[in-house]
Student: 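Sharing a structure with you now.
Here is the naming used below: chain letters follow the sequence lines, and residue numbers restart at 1 for every chain.
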Protein chains: 2
Amino acid sequence: MKIGELSERSGLSRDTIRLYEKNDLISSSASQSETNNYRDYSDDVLLQLKFVSSGREAGISISDLRELMKAFFGSCDPSEAENVIVAKTAELKERVSQIENVIVFLDAALVKVREGLDET
Amino acid sequence: MKIGELSERSGLSRDTIRLYEKNDLISSSASQSETNNYRDYSDDVLLQLKFVSSGREAGISISDLRELMKAFFGSCDPSEAENVIVAKTAELKERVSQIENVIVFLDAALVKVREGLDET
DNA sequence: GAAAACAATAGACCATGGTCCATGGTTTGG
DNA sequence: CCAAACCATGGACCATGGTCTATTGTTTTC
């Protein structure tokens, strides 16, 4: 499919898709036509973009995602892929626990605020 | 205390502290001395910075943190503070679940990678 | 076949979150 | 008293992640 359809189906702008491609998160091939230089994207790319955008929403950087994509889909050796995935999983879990710490703090603050409300 | 000590004790650079102060995450008072324009930071600020930096590490933006700091320490009315805290808590929980989705994906990928390793 | 819609490329632009540097003033230690 | 260490201010600079624009070329569609 061409970038327009991919954009439509992925919910990402053309610009963002091109940015991701430039950063090696996805790849494409030249279209069959000899008269243009349009890029052709496979259906797989759609799945990859879904992963990428959920990763971005979760706060994972593009360069981290590039490593992960390489581990998943690239042809690098599986034991290195394993290392990357294990490492990133650990990072993400650390991140979750950081956020949960903040949530705990917020919960405590909420209790205090509500006590203040009661007294008023 | 002066900014140097605060920097030392908080683990944040002077520049970062000044950035946070400019963004109203913390505040300071003029020093007693009439001959300089140094700022003076209370011990409370140290706690606030601890919260801010853990929030930053958890990926919370400065402007979001500003709202939270206002809710905690500011003099805005408690019911609005409650709203802010509840809203931010919900956002953070959403973020956690996004990250956990990615982790699930990574776990599945890991299994596949390991199967691949076994076969080799 | 002409206009509208689409594509590629490059570069400008923007916000965010920091760091670094230059300047000039202040304080502190020896 | 003098140098070293500290402070404030402002602006430059950087990376990241993305959007917007202009230009030029290609397809679609009527």
Student: Using whole Å, what does the distance between atom C1' of nucleotide D/dG25 and atom NZ of A/K2 come to?
Tutor: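 Distance, rounded to whole Å: 13 Å.
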Student: Base, sugar-phosphate or nothing for B/N37? Non-hydrogen atoms, less than 4.0 Å.
Tutor: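 Sugar-phosphate contact only - B/N37 comes under 4.0 Å of backbone atoms but never of a base.
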Student: Would one find a side-chain N or O of B/T16 under 4.0 angstrom from OP1 or OP2 of C/dG18?
Tutor: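 No, B/T16 has no side-chain N/O under 4.0 Å of OP1/OP2 on C/dG18.
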Student: Rounded to the Å, how far apart are B/D15 CG and C/dT16 P?
Tutor: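 One finds 19 Å between P of C/dT16 and CG of B/D15, rounded.
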Student: Would you kindly compare B/Y38 and B/S61 by the position of their nearest DNA chain C nucleotide and give the one closer to the 5′ end?
Tutor: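 Nearest-nucleotide comparison on DNA chain C picks B/S61.
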Student: DNA chain C: B/S33 or A/Y41, which has the more 5' nearest nucleotide?
Tutor: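 So the residue in question is A/Y41.
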Student: Would you check if there is a donor-acceptor pair between the side chains of B/T89 and A/D107 at a distance under 3.5 Å?
Tutor: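 There is no such pair (donor and acceptor under 3.5 Å, judged by atom type) between the side chains of A/D107 and B/T89.
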Student: Calculate the interatomic distance between B/R18 atom CZ and C/dG18 atom C1'; express it in whole Å.
Tutor: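 Taking CZ of B/R18 and C1' of C/dG18, I get 14 Å after rounding.
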Student: In whole angstrom, give the distance that lies between atom CD of B/E21 and atom C1' of D/dA8.
Tutor: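 Those two atoms, CD and C1', are 11 Å apart.
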Student: Tell me: CG of A/L12 to C1' of D/dG18, nearest whole Å?
Tutor: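 In whole Å, D/dG18 C1' and A/L12 CG are 11 Å from each other.
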Student: Would you mind reading off the distance between B/R56 atom CZ and C/dG18 atom P, rounded to a whole angstrom?
Tutor: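 Spelled out: CZ on B/R56 to P on C/dG18 is 4 Å.
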Student: So, is B/N36 near the phosphate of D/dA8, with a side-chain N or O under 4.0 Å from OP1 or OP2?
Tutor: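 Answer is no, no contact under 4.0 Å.
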Student: Any chance you could lay out the side chain to side chain donor-acceptor pair (under 3.5 Å) test for B/E21 and B/S28, step after step, and finish with the verdict?
Tutor: CA-CA 8 Å; B/E21 183 164 11; B/S28 62; 2.4 Å; yes
Student: Taking the side chain from B/R66 and the backbone from B/N23, do they hold a donor-acceptor pair closer than 3.5 Å?
Tutor: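 Yes; at least one donor-acceptor contact below 3.5 Å.
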Student: Whole angstroms only, please: what is the CG-P distance between B/N23 and C/dA15?
Tutor: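 B/N23 atom CG is separated from C/dA15 atom P by 14 Å.
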Student: Could you pick out which residue, B/R39 or A/I62, lies toward the 5' side of DNA chain D when each is mapped onto its nearest nucleotide?
Tutor: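 With B/R39 and A/I62 compared, the 5'-side residue is B/R39.
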Student: Could you tell me whether the side chain of B/Y20 has a donor or acceptor atom within less than 3.5 Å of a complementary atom in the base of C/dG17?
Tutor: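 Looking at the base of C/dG17, it does not pair with any donor or acceptor on the side chain of B/Y20 (distance under 3.5 Å).
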Student: Rounded to the nearest Å, what distance is computed from the CZ atom of residue A/R66 to the P atom of nucleotide D/dG17?
Tutor: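 Whole-Å distance recorded here is 9 Å.
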Student: Salt bridge check: are B/E5 and B/R9 linked by an N-O gap of less than 4.0 Å?
Tutor: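 Salt bridge present between B/E5 and B/R9.
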Student: Describe the nucleic acid contact of A/I3 in one word from base, sugar-phosphate, nothing, applying a heavy-atom distance below 4.0 Å.
Tutor: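 If one applies the 4.0 Å heavy-atom cut-off, A/I3 turns out to touch the sugar-phosphate alone, with no base involved.
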Student: Are B/T35 and C/dT27 close enough that a side-chain N or O sits under 4.0 Å from OP1 or OP2?
Tutor: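 The answer is yes; a side-chain N or O of B/T35 sits under 4.0 Å from OP1 or OP2.
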Student: Check the pair B/D64, B/K88 against salt bridge (Lys or Arg N to Asp or Glu O under 4.0 Å), reporting the backbone distance first and the verdict last.
Tutor: CA-CA 8 Å; B/D64 282 4; B/K88 293 300 168 196; 3.1 Å; yes
